[in-house]
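All ligand and atom numbering here is 1-based and tracks the order in the structure. Start at 1 with the first residue, then count along the sequence.
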Amino acid sequence: MVVPGSHHREDKIYHPPEDLKKDAHVPDFYSYLALYKKSVDEPEVFWREVAAEFYWKKPATGPILQYNFDVTKGNIYVKCMEGAKTNMCYNVLDRNVKDRNLGEKVAYYWEGNSPDHSMAITYSQLLSQVCRCANVLKQMGVKKGDRVAIYMPMIPELVYTMLACARIGAVHSIVFAGYSSESLCERILDAQCCIVVTADGVYRGQKLINLKQIVEEALEKSRDKVSPTVTRCLVVKNHSLRTKSGEASNKLQIPWDAERDVWWDEVMADVSDDCEPEWLDAEDPLFILYTSGSTGKPKGVLHTVAGYMLYTSLTFKYVFDHHHDDVYWCTADIGWITGHSYITYGPLANGATGVLFEGLPVYPHVGRFWEIIEKYKVTKFYTAPTAIRLLMKYGKEPVQKYNLSSLRILGTVGEPINPEAWLWYYEVVGQSRCPVVDTFWQTETGGHVLTPLPAATPLKPGSATFPFFGVEPTILNEHGEELEGEAEGYLVFRRPWPGIMRTVYGNQERFENQYFKKFPGFYVTGDGCRRDKDGYYWITGRIDDMLNVSGHLMSTAEVEAALTKHAAVAEAAVVSRPHVVKGECLYCFVTLKDSREFNHKLVEELKGLVRERIGPIATPDFIQNAPGLPKTRSGKIMRRVLRQIARNEKDLGDLSTLADPKVVEVLFSQRCEAAA
Ligand code: WTA
């Protein structure tokens with residue numbers, strides 16, 4: 001059978017381009033192997049050299065890393081350079097301005113939701129704004145160790161606030177400003193935040209969102225709970241709500257409590273831009289970031305100062321092969337770990353110039369990303385597979401309208417990337433000259449853990465390739481036995497690296513149960529993984545998304561990758577459904593590209609494609625047309641909901657994390673009763 005859209009470009013190996021190798025930090029695979037060996041054989045020497053680039057008020061005297069990863073031997077802990085004193089903010093700002101003479105260098109090009117709004121912020125300006133904000137927070141009563149909730153759009157004040165917290169030793173807890181008041185309330189209460197920093201509102205595309213109103217509702221709800229903690233609220237006037245001529249283009253009704261609330265502009269005007277950093281212990285907390293848990297209650301992932309600083313800085317430098325003339329753009333929101341590590345801390349630690357983008361990929365037109373790359377001559381671009389697949393739907397024309405010749409490296413993160421999307425990214429966006437670094441990591445890992453290095457690693461589309469320095473992955477089977485060579489199973493790590501999480505805030509027991517109980521001696525990622533004959537690692541999706549059809553273990557991701565190979569398919573999501581003979585069978589949701597029609601012929605082609613790519617055992621039993629898929633606001637497909645639709649379970653539970661709950665009704669109304 002000739003399968004439409006099926007090529008074998010994905011079986012090719014993509015070698016790093018020669019011109020990238022010339023001045024790369026890690027110019028070939030042998031250099032990678034040598035450095036990797038050093039990082040695992042002599043971790044103390046390796047990390048001490050990395051630490052030497054930073055400023056330490058008091059240097060480390062003891063070992064760089066101390067840990068216990070084995071629950072049978074006592075409490076789990078990881079410590080990096082305990083006893084040393086430093087400050088993250090000092091290292092990412094003052095050190096650049098004073099020691100590296102980068103004061104006049106642009107730290108961020110800020111680009112608003114509307115193309116009419118933009119500004120450049122230099123390192124000196126950033127330092128001055130951060131110090132002012134730090135003084136404001138102190139005036140408002142924030143002290144070292146206090147938790148500060150931040151609920152803000154992608155505006156410069158978000159970066160000022162997080163760095164101001166880091167400067168005074170307050171612990172920021174950023175809540176993505178697309179979360180509901182309920183979610184915000186839950187996170188404020190869990191971390192017992194004493195203050196919320198927010199903005200009046202934000203435009204997302206053409207939609208105006210009243211953030212202050214959401215904060216108001218969250219605080220209202222927290223008052224019903226046992227111990228409301230927030231006593232102050234600092235509110236930024238988002239200047240991008242105003243038109244060029246300065247008049248307010250919004251009609252927001254801002255709720256106001258004169259005892260609690262203050263306007264940012266008013267308090268910032270009166271404070272000094274000089275603020276001595278608080279010298280913290282290397283193991284003092286830096287921030288909490290909530291990530292969804294399998295039980296429903298979010299987990300407050302805690303990261304500490306020194307380890308996170310070393311790790312985000314080093315991964316940024318090597319994975320994006322950073323050089324001083326780069327313009328780097330990560331399209332994530334700072335409300336997620338990708339933004340924390342690779343918009344704020346990692347790039348600033350390297351003195352990089354970054355783009356900070358408030359808007360959406362398709363507003364005011366579907367070429368917005370490419371327009372921004374052309375405008376700022378972006379050299380390194382980092383985005384998510386879901387964005388790539390969205391933009392793929394519009395074809396090549398919107399990409400080819402812009403000059404993307406500045407691009408040198410492309411990156412992706414967040415979910416397994418299907419080879420079809422990888423190739424489109426590589427060929428259409430990168431014009432076949434930019435390596436694609438498929439970075440696997442988690443909120444918990446702090447930074448990249450499996451990733452190619454762009455000038456060193458030969459790429460296979462869809463593989464996150466090899467471990468980063470200091471990271472030792474292993475694949476285990478169900479019984480916890482280590483698998484050698486070609487194998488598929490649970491992805492775990494044998495030892496910590498500096499940037500790994502320290503605990504679940506306020507719940508050490510949950511931390512140990514979640515990540516260390518299942519296989520004593522290992523950190524369990526929760527992801528499935530395959531190692532191929534060349535030693536490449538392929539993330540196969542969350543273990544809880546694993547399917548067992550007739551005793552064969554397979555991942556949703558590999559079936560999805562097969563389905564998206566079809567020229568008519570934009571996106572696919574696969575879940576299991578109980579089956580009398582096979583145990584489980586495959587129920588597939590497919591979103592078609594514009595103008596494609598869903599019919600019997602297509603269903604047959606898709607089944608043939610999966611059979612061809614994976615084997616007859618993976619033949620889908622059900623294929624449903626899905627005009628939209630249920631996704632979280634960060635773009636992750638909620639497979640739990642799809643599983644319930646497939647199983648006709650009407651009680652769907654909590655849907656509050658869905659970006660658009662309406663898609664669920666549509667999918668229910670069109671579900672497949674009988675096998676295709
Ligand atoms: C998934 C995002 C495959 C994985 C940084 C992980 C990936 C979860 C990749 C963490 C990738 C992230 N390939 N899967 N390159 N990157 N994931 O905490 O399932 O939001 O466990 O961190 O995303 O999501 P989180």
Original post:
Purely on distance, is any nitrogen or oxygen of K636 under 3.5 Å from one on ligand 1?
Top reply: yes

**OP:** Counting heavy atoms only, name the option from D438, D527, T291, L450 that's nearest to atom 6 (C) of ligand 1.
**Re:** D527

Original post:
Quick one: does I539 get an N or O within less than 3.5 Å of an N or O on ligand 1?
Top reply: no

Subject >> G414 touching ligand 1 at heavy-atom level, < 4.0 angstrom >> reply: yes

Original post:
Where does the angle between the aromatic ring planes of H25 and Y318 fall among parallel (under 30°), tilted (30 to 60°) and perpendicular (over 60°)?
Top reply: perpendicular

Original post:
Which ligand 1 atoms, with their elements, are less than 4.0 angstrom from a heavy-atom of P416?
Top reply: 3 (C), 13 (N), 14 (N)

Original post:
Who's the nearest protein heavy-atom neighbour of atom 10 (C) of ligand 1, and how far?
Top reply: W441 O, 3.6 Å

Original post:
Are R494 and E482 ion-paired here, with the side-chain N under 4.0 Å from a carboxylate O?
Top reply: yes

Original post:
Salt bridge check: are R531 and E488 linked by an N-O gap of less than 4.0 Å?
Top reply: no

Subject >> W336 heavy atom under 4.0 Å from ligand 1 >> reply: no

Original post:
Between S634 and T632, does any side-chain donor sit less than 3.5 Å from a side-chain acceptor?
Top reply: yes

**OP:** Would you kindly say whether T379 and D326 are connected by a side-chain donor-acceptor distance under 3.5 Å?
**Re:** yes

**OP:** Classify the contact between Q442 and ligand 1 as side chain, backbone, both or neither, using a heavy-atom distance cut-off of under 4.0 Å.
**Re:** both

Original post:
What about F316 and H322, are their ring centers closer than 6.0 Å?
Top reply: yes

**OP:** Decide, yes or no, whether a salt bridge links D534 with K460 under the criterion of side-chain N to carboxylate O below 4.0 Å.
**Re:** yes

**OP:** Look at the side chain of T525 and the backbone N and O of L491, then say whether any donor-acceptor pair between them is shorter than 3.5 Å.
**Re:** yes

Original post:
Starting from atom 13 (N) of ligand 1, which protein heavy atom do you reach first, and at what distance in Å?
Top reply: E415 O, 3.3 Å

Subject >> For V413, the ligand 1 atoms whose distance to one of its heavy atoms is below 4.0 Å >> reply: 5 (C)

**OP:** Consider every N or O of T443 and every N or O of ligand 1, then say whether any pair is closer than 3.5 Å.
**Re:** yes

